[in-house]
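Lettering follows sequence order; numbering is per chain, from 1.
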There are 2 protein chains.
Amino acid sequence: MILARIQKLSVAIPENLAEMLEEEIIFGRLKSRERLTEEMVAARYGVSRSPVREALRLLERDGLVMREARRGIWVSPMSQRDFDEVYTCRIELEGLVAKQAAEFADIEKKAEFKNLLSELKQAQARNDARQFFIVDVRGSFLTYTLAGNKTLTRLLGGLEKQALRYRYHAYEQDPKIIQLSLDDTARIYDAITAGDGESAKAMTENLIREIWQSMRAGIRDAFGEG
Amino acid sequence: MILARIQKLSVAIPENLAEMLEEEIIFGRLKSRERLTEEMVAARYGVSRSPVREALRLLERDGLVMREARRGIWVSPMSQRDFDEVYTCRIELEGLVAKQAAEFADIEKKAEFKNLLSELKQAQARNDARQFFIVDVRGSFLTYTLAGNKTLTRLLGGLEKQALRYRYHAYEQDPKIIQLSLDDTARIYDAITAGDGESAKAMTENLIREIWQSMRAGIRDAFGEG
DNA sequence: CGACACCATACTGTATACAATGTACAGGTC
DNA sequence: GACCTGTACATTGTATACAGTATGGTGTCG
């Protein structure tokens with residue numbers, strides 16, 4: 001999804017704009033609490049305010065920006081509190097989607113996990129964090145697709161982006177956090193491929209809970225408790 | 001939230017529009033798969049297309065309408081599949097929010113549960129389904145508020161509306177389904193008030209699971225498997 | 001009689017113009 | 001000097017005008 005802008009940009013300007021802005025926010029080029037005026041964004045991307053407004057609605061939906069009526073829009077502040085919120089929700093929903101992916105999906109698509117895993121390893125070897133996260137997100141979306149639960153996908157799509165923001169920040173502080181999750185991720189992919197729903201669910205919940213706990217103090221130090 | 005339009009309507013036209021349309025969809029005055037053209041909605045509510053477009057984005061966010069690019073917008077179709085998706089997500093998230101509400105909240109606000117419960121009983125006694133559902137939703141939002149988890153509230157806000165659509169339909173088929181949940185709801189409110197998070201979570205999950213199972217066949221007969 | 005192409009139409013998508021509101025700064029008053 | 005008030009400006013919110021695309025019908029050709 002992050003790289004979707006490779007598609008023709010002429011179609012669906014608001015969605016493409018939203019994806020570009022998402023990237024800017026996730027990778028920290030647009031900073032927490034930074035003001036976004038519609039005209040500024042419009043000028044920067046060479047479009048009018050109409051599609052910009054719609055793009056900002058999409059970002060608002062996913063919690064990446066906050067709007068105050070008639071006052072403006074700001075990049076959502078980061079905080080330990082917000083981080084906790086996102087991760088407590090993710091534990092439940094990512095567990096559920098892993099279970100459903102394991103139980104209902106077809107073998108062919110599951111084979112794609114192998115490619116993703118090797119891409120993850122390559123990115124890690126090259127210390128290419130951005131690429132690592134992008135492939136990681138593709139893995140998540142493959143899981144969502146396998147689960148075939150559109151509602152769940154819709155909910156997780158938003159959470160994923162917020163989570164990635166914190167994960168990328170943590171990476172900048174200490175690049176080796178990337179290594180934390182790779183082995184566990186491989187095991188989860190295996191469980192999904194093998195059709196072991198309960199196991200996939202339990203491992204996913206544990207992995208996310210561990211990542212949550214390991215990042216928590218650093219997030220508080222960087223952004224405050226909120 | 002449903003009755004929020006009592007507030008000044010002059011502020012935030014898109015949000016107010018969205019709430020009115022939500023009600024139309026939930027209570028079946030706008031039917032499944034019905035076409036919505038922007039101009040029609042605009043004319044009906046006496047505004048221009050700009051705020052209508054934003055309102056429809058909000059409805060899309062909550063899964064109440066579906067948009068196909070450059071083709072138009074339709075009221076989301078109902079189906080057993082969609083119903084299953086909404087309820088499997090709700091089991092996890094409503095359980096989580098009940099737990100957090102029990103653990104973190106202050107006594108004063110919790111007292112409000114008593115009023116809500118008596119309002120529910122009154123509505124049930126009068127066979128006033130709409131009022132029953134509206135109060136029920138207020139109970140959910142009180143729980144969300146107590147939990148103090150904005151992210152979770154955002155996610156559940158959308159699910160709640162979709163769920164209510166199915167529940168109202170079920171009520172029309174057989175008005176006595178309202179009675180199903182009242183006793184359990186009372187026990188859950190008690191657990192939250194008593195601060196018993198695990199119990200509140202377990203009971204909430206069970207209640208939603210039971211409602212899900214009891215409604216499932218009827219939904220399939222009415223809307224198909226999807 | 002059927003199929004394909006073309007055109008009219010209706011609607012969404014985007015740009016621009018206008019209205020309303022919130023904010024900051026300057027000036028005046030106590 | 002501090003606080004209040006009025007005004008100018010910046011920005012959001014809404015309306016309207018224009019562009020582009022999908023659909024349905026009609027006409028013509030095979």
Side-chain angles (χ1 to χ4, degrees), chain A residues 1 4-22 24-25 30-77, chain B residues 1 4-22 24-25 30-77:
Chain A
M1 66 99 197
R5 72 173 178 215
I6 293 172
Q7 299 169 355
K8 52 252 162 158
L9 197 134
S10 57
V11 184
I13 293 179
E15 280 75 6
N16 281 287
L17 262 180
E19 275 168 14
M20 292 195 263
L21 290 170
E22 274 164 20
E24 304 264 324
I25 294 172
L30 285 174
K31 302 232 176 302
S32 194
R33 294 172 192 277
E34 187 169 338
R35 175 86 186 271
L36 288 178
T37 72
E38 296 173 357
E39 208 145 4
M40 226 184 58
V41 177
R44 182 166 166 194
Y45 291 98
V47 295
S48 78
R49 278 176 55 216
S50 307
V52 170
R53 281 181 72 83
E54 307 212 10
L56 291 175
R57 285 270 185 202
L58 294 173
L59 293 185
E60 195 187 359
R61 172 190 69 182
D62 290 337
L64 292 176
V65 303
M66 314 270 295
R67 134 184 278 140
E68 280 182 63
R70 287 201 174 76
R71 293 200 55 239
I73 287 190
W74 289 264
V75 176
S76 293
Chain B
M1 69 98 195
R5 71 174 179 211
I6 292 172
Q7 298 170 356
K8 53 255 161 157
L9 197 134
S10 57
V11 184
I13 294 179
E15 280 76 7
N16 281 286
L17 262 180
E19 275 168 15
M20 291 195 263
L21 290 170
E22 274 164 20
E24 304 263 324
I25 293 171
L30 285 174
K31 302 231 175 305
S32 193
R33 294 171 192 277
E34 187 168 339
R35 175 86 187 270
L36 288 178
T37 73
E38 296 173 357
E39 209 146 1
M40 224 183 60
V41 177
R44 182 165 167 195
Y45 290 99
V47 294
S48 79
R49 279 177 54 214
S50 306
V52 170
R53 282 181 71 84
E54 308 213 9
L56 291 174
R57 285 270 184 202
L58 295 174
L59 293 185
E60 195 187 357
R61 170 189 72 182
D62 290 337
L64 292 177
V65 304
M66 313 270 294
R67 134 185 278 141
E68 280 181 64
R70 288 200 173 77
R71 293 200 56 238
I73 287 190
W74 289 262
V75 176
S76 293

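Between Ile13(A) and Pro51(A), the shortest heavy-atom contact is CG2-CB, 3.7 Å. Of all non-hydrogen atoms in Ser32(B) and Pro77(B), the two that sit nearest each other are OG-CA, 3.1 Å.
Between Ser50(B) and dT14(D), a side-chain N or O to OP1/OP2 separation shorter than 4.0 Å is absent.
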Q | Protein proximity profile, nucleotides 8-13 of chain C - base contact B, sugar-phosphate-only contact S, no contact -, cut-off 4.0 Å on heavy atoms | A | ---SBB
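The side-chain contact (heavy atoms from CB on, under 4.5 Å) test with Leu30(B) is passed by exactly one of Val65(B), Leu64(B), Ile25(B): Ile25(B).
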Listed pairs under 3.5 Å, donor-acceptor, residues 55-63 of chain A side chains, sequence neighbours left out:
from, atom 1, to, atom 2, distance (Å)
Arg57(A), NE, Glu54(B), OE1, 2.8
Arg57(A), NH1, Glu15(B), OE2, 3.2
Arg57(A), NH2, Glu54(B), OE1, 2.7
Glu60(A), OE1, Arg67(A), NH1, 3.1
Asp62(A), OD2, Lys161(A), NZ, 2.8

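Under the rule for a salt bridge (charged side-chain N to carboxylate O under 4.0 Å, His left out), the partners of Glu24(A) that lie at least two apart in sequence or sit in another chain are Arg29(A), Arg44(A). Judged as a salt bridge (charged side-chain N to carboxylate O under 4.0 Å, His left out), and not counting sequence neighbours, Arg35(A) has no contacts. For Ser50(A), the side-chain contact (heavy atoms from CB on, under 4.5 Å) test picks out Ser48(A), with sequence neighbours left out.
Heavy atoms of other residues, nucleotides or ligands lying less than 6.0 angstrom from CD of Glu34(A) number more than 12.
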(Q) Output the pairing pattern of DNA chain D as a dot-bracket string, 5' first, Watson-Crick or G-U wobble with both distances under 3.5 Å, | for cross-strand pairs, [ ] for crossing pairs. (A) ||||||||||||||||||||||||||||||
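Residue Tyr45(A) contributes atom OH, which lies 18 Å from atom C1' of dT14(C) at whole-angstrom precision.
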